There are 2 protein chains.
Amino acid sequence: MSISSRFSVAIHILCLLAVSKDKATNTSEYIAASVNTNPVVIRKVMSMLKSAGLVHVRAGVAGAELAKELPNITLLDVYKAVNVVAENDLFNSHEHPNPECIVGRNIQQSLTKQFSAAQNAMEQSLAGVTLAEVVEDILESDKMRSLENG
Amino acid sequence: MSISSRFSVAIHILCLLAVSKDKATNTSEYIAASVNTNPVVIRKVMSMLKSAGLVHVRAGVAGAELAKELPNITLLDVYKAVNVVAENDLFNSHEHPNPECIVGRNIQQSLTKQFSAAQNAMEQSLAGVTLAEVVEDILESDKMRSLENG
DNA sequence: TTACCTGTAATCGAATATATTACATGTAAT
DNA sequence: ATTACATGTAATATATTCGATTACAGGTAA
């Protein structure tokens, strides 16, 4: 299976907070309408983003806002905030291979090493992208769209 | 969720074929005992490895053997053979964001780009490792184990 | 023909993801 | 203080997926 869409939802939320700057209108319901999901899903993700120090939200008061500047938030920050993949857990190894077999009793060590390296490569790719770039992409993409449609 | 253990099982199988060279003993039942799973799981994975040209197996005849030399099989080859992650499908994006919203109608394009880059980074990491290295790790690891236990 | 293997479809139970309901709690304005 | 409305969160429902398993068809060699 693939990595939970909670990650893409979180990115969406943060981009929306950056673009739609009127704090009070950014309620979970408003954001849910943009993402196309249930407001509770938004609140849950928002809660994780808050714990990670990426947004400011207060119980009872409408809206949320970014806690950092866009260039200072990487996709890796968001990924870790929403906890979609635990450490060394992108790849699932089969459990309890046979210790009577030379392969069985030694393979996990090697697999762990290689899987960890691969997961790290993926995460470092995310670390190289900031939300500023994603928002730029979005604005640029919309500009193109406008031109195409006259 | 994480990537199916079918991948680690496939690596286990191939290493076992390399180490246990008596072809006739490498039945699905024997391999299953080393991996600690059901023989049908082994046959299914073996079938995928066969389709990818990594092993030779024949219906009705006991055993299997490698179709290539260890240094010529990368972890990426195995990963693709067992089809654990489809192209551009490591990350799951939320579907149908609101086209009325500037973020909603443009974010998928950017997400696809970044997710694809991250997935590619992970896969290229796997491409840099061959089964020869994994088997070396296993043999080396077992040697250490022997020394420790006198 | 027998014994034993691989190939594969079908099914089961456990685990997980997302959506949703329900409600407790917090805040600000009147 | 009360009202209106927001967030916080537990609990549940439904759909999907994974690995294990059963059952059986088909192949091969002695």
Side-chain angles (χ1 to χ4, degrees), chain A residues 1-10 12-13 17 22-52 55-65 67 82-86 89-97, chain B residues 1-10 12-13 17 22-52 55-65 67 82-86 89-97:
Chain A
M1 205 198 261
S2 23
I3 293 171
S4 169
S5 65
R6 197 161 64 239
F7 182 31
S8 72
V9 169
H12 188 134
I13 292 174
L17 295 186
D22 180 9
K23 176 180 175 302
T25 68
N26 293 326
T27 64
S28 62
E29 193 163 354
Y30 172 80
I31 298 173
S34 170
V35 173
N36 187 29
T37 183
N38 193 286
V40 175
V41 172
I42 300 298
R43 281 181 231 141
K44 176 158 188 176
V45 173
M46 194 73 83
S47 164
M48 301 180 97
L49 294 175
K50 179 184 180 179
S51 296
V55 298
H56 292 306
V57 208
R58 285 169 56 209
V61 38
E65 52 189 351
V82 296
N83 197 30
V84 277
V85 177
D89 204 36
L90 176 60
F91 295 90
N92 197 0
S93 281
H94 56 294
E95 291 177 345
H96 312 302
Chain B
M1 206 198 258
S2 21
I3 293 171
S4 169
S5 66
R6 196 162 64 238
F7 182 31
S8 71
V9 168
H12 188 135
I13 292 173
L17 295 186
D22 180 9
K23 178 179 176 301
T25 69
N26 293 325
T27 64
S28 62
E29 192 161 356
Y30 173 81
I31 298 174
S34 171
V35 172
N36 187 30
T37 185
N38 193 287
V40 176
V41 172
I42 301 298
R43 281 181 232 140
K44 176 158 187 177
V45 173
M46 194 74 83
S47 164
M48 300 178 98
L49 295 174
K50 179 183 180 179
S51 296
V55 298
H56 292 305
V57 208
R58 284 170 56 208
V61 38
E65 51 189 352
V82 296
N83 197 30
V84 276
V85 177
D89 203 36
L90 176 60
F91 295 90
N92 198 359
S93 283
H94 56 294
E95 291 178 345
H96 310 304

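As a basis for the values below, the full set of heavy atoms in this structure was taken, side chains included, without hydrogen atoms, waters or symmetry mates. The chains referred to below are lettered A, B, ... by the order of the sequence lines, with proteins before strands, and numbering in each begins at 1. Quantities reported herein were computed from a predicted structural model and do not represent experimental measurements.
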**Prompt:** Short question: side chain of A/S51, backbone of A/S47 - any donor-acceptor pair under 3.5 Å?
**Reply:** yes
Open item on the list: Taking A/H94's backbone N and O only, do any of them form a donor-acceptor pair with B/S8's side chain (distance below 3.5 Å, no angle check)?
Closed with: yes
Practice prompt. Evaluate side-chain contact (heavy atoms from CB on, under 4.5 Å) for B/R6 paired with B/M48, printing each intermediate quantity in order.
Written response: CA-CA 10 Å; B/R6 196 162 64 238; B/M48 300 178 98; 3.8 Å; yes
Taken to the nearest 0.5 Å, the spacing of A/I3 CD1 from B/I3 CD1 works out to 7.0 Å
Here the gap from A/M46 atom CE to A/I31 atom CD1, rounded to the nearest 0.5 Å, amounts to 3.5 Å
Min and max contacting nt of DNA chain C in 5' to 3' order, chain A heavy atoms within under 4.0 angstrom, are C/dT18 to C/dA28
*Crowded around A/K23 NZ? As in, over 12 foreign heavy atoms under 6.0 Å?*
yes
Nucleotide by nucleotide, nucleotides 18-30 of chain D touches protein heavy atoms under 4.0 Å in the pattern (B base, S sugar-phosphate only, - none) SSSBBB---BSS-
What do the steps show when you test A/V41 against A/V35 for side-chain contact (heavy atoms from CB on, under 4.5 Å), and what is the final call? CA-CA 10 Å; A/V41 172; A/V35 173; over 6 Å; no
